[in-house]
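Scroll down for the structure; my scribbles are underneath it.
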Amino acid sequence: SRASGSATLLHYGVVFQNNTGSTMQSIRVTYDGVQMSLAENGAVNTIFFEYIIGAAAPLITAAGATSVPALNFVQLQSNPAGSGSNQLNWYPCTQVRTALTACIPVTIPNGSYILLRWRDVDDAGNDHHMAIDNVNVQFDITGNACLVPLPIELVDFTATLNNNQVDLNWQTATELNNDYFEVEKSLNAIDFEKMETKKGAGTS
């Protein structure tokens, strides 16, 4: 994709139809962003990711898209404006490639469509040759795919009534970048009040 000068706005993407018989609850999109040349316009060149869900297959240029900033591909290298450097043809892909991934909670009824779209806005002068590669899309009907697991492996957790108070004890097998535990209480199991914070063990 090279939106430069008179190229105006570029769109490209893919449309999927849900024929599973169930409602899709989320999708995970993974792809590689590749920069294949170097511009001198000094601007930050970005390919924006967005999606559209519809009962009919959405057009590639349809309005009303939902953006997913985590999947935007921003240039990896740049020259400052006026540097005098011209386009460098075809960098080795291994040097200017990055992997992007995000899980997107969506509702795609059976028979409906989803358009996954990349949008490259026109950059004045010249811009980078930006590309996408190795696109992978995983669909989920359970609604659990986007849940973020705790950064700990919990071995044991007990709550014991001790007169008018409750003693809490827990043990972890591993912790990953775990800053702290937050102890909360609730009278209705819906509204919780923070009681105190206990230090985590970091990564251990």
Side-chain angles (χ1 to χ4, degrees), residues 1-39 41-78 87 90-91 93-94 96-151 190-191:
S1 173
R2 188 179 182 220
S4 182
S6 61
T8 66
L9 180 64
L10 301 179
H11 295 93
Y12 45 102
V14 60
V15 174
F16 296 99
Q17 183 180 25
N18 177 8
N19 287 324
T20 64
S22 301
T23 298
M24 292 294 177
Q25 302 291 338
S26 69
I27 60 171
R28 176 171 291 279
V29 178
T30 303
Y31 77 95
D32 289 345
V34 184
Q35 180 180 336
M36 295 185 291
S37 65
L38 188 62
N41 62 8
V44 177
N45 299 166
T46 303
I47 294 180
F48 298 91
F49 178 89
E50 50 201 18
Y51 69 90
I52 300 175
I53 297 172
L59 297 175
I60 191 69
T61 57
T66 301
S67 62
V68 184
L71 290 172
N72 291 347
F73 173 38
V74 181
Q75 68 184 48
L76 300 172
Q77 297 182 13
S78 181
Q87 293 284 349
W90 198 264
Y91 283 162
C93 290
T94 54
V96 288
R97 175 182 295 257
T98 187
L100 297 103
T101 186
C103 192
I104 309 168
V106 294
T107 300
I108 312 172
N110 184 56
S112 293
Y113 296 81
I114 182 168
L115 164 68
L116 307 181
R117 181 171 74 188
W118 288 262
R119 178 172 51 87
D120 189 356
V121 298
D122 179 27
D123 293 297
N126 61 39
D127 71 358
H128 310 299
H129 289 80
M130 310 259 287
I132 63 171
D133 193 16
N134 297 331
V135 176
N136 182 280
V137 184
Q138 297 174 327
F139 293 87
D140 170 55
I141 62 174
T142 68
N144 297 325
C146 289
L147 296 179
V148 178
L150 293 174
I190 298 174
D191 304 305

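Computed from a predicted structure; not experimentally measured.
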Sub-4.5 Å side-chain heavy-atom contact between V14 and V135: no

Heavy-atom donor-acceptor pair, Q17 side chain to S112 backbone, under 3.5 Å: no

Heavy-atom closest pair, residues T101 and R28: OG1-NH1, 3.2 Å

Rounded distance [0.5 Å steps], OG1 in T107 versus CD in Q25: 5.5 Å

Euclidean distance, S26 OG relative to I108 CD1, rounded to 0.5 Å: 9.0 Å

Contact summary for R117 and I60, nearest pair of heavy atoms: NH1-O, 2.7 Å

Pairwise distance CG(L100) to CD1(I47) - rounded to 0.5 angstrom: 10.5 Å

N/O donor-acceptor pair under 3.5 Å between Q35 side chain and L76 backbone: yes

Interatomic distance, N134 atom CG to D32 atom CG [nearest 0.5 angstrom]: 4.5 Å

L10 side chain near W118 side chain, heavy-atom distance below 4.5 Å: no

Test side chain to side chain contact (heavy atoms under 4.5 Å, CB included) applied to F49 and I132, V29, T66, the passing residue: V29

Residue pair V15 / L115: nearest heavy atoms and the distance that separates them: CG2-CD1, 3.6 Å

Interatomic spacing from CD1 in I52 to OH in Y113 - rounded to 0.5 Å: 15.0 Å

T46 and N72: side chain donor to acceptor below 3.5 Å: no

Euclidean distance, N45 CG relative to D120 CG, rounded to 0.5 Å: 7.5 Å

Pair F16-F139, ring pair (Phe, Tyr, Trp, His ring centres under 6.0 Å): steps then yes or no: CA-CA 10 Å; F16 296 99; F139 293 87; 5.3 Å; yes

Minimal non-hydrogen separation, R119 against L9, with atom names: CG-CD1, 3.5 Å

Closest non-hydrogen atom pair, T20 against N18: OG1-OD1, 2.7 Å

Minimum side-chain heavy-atom gap R97-D133 below 4.5 Å: yes

Main-chain N/O of L71 paired to Y31 side chain as donor or acceptor, under 3.5 Å: yes

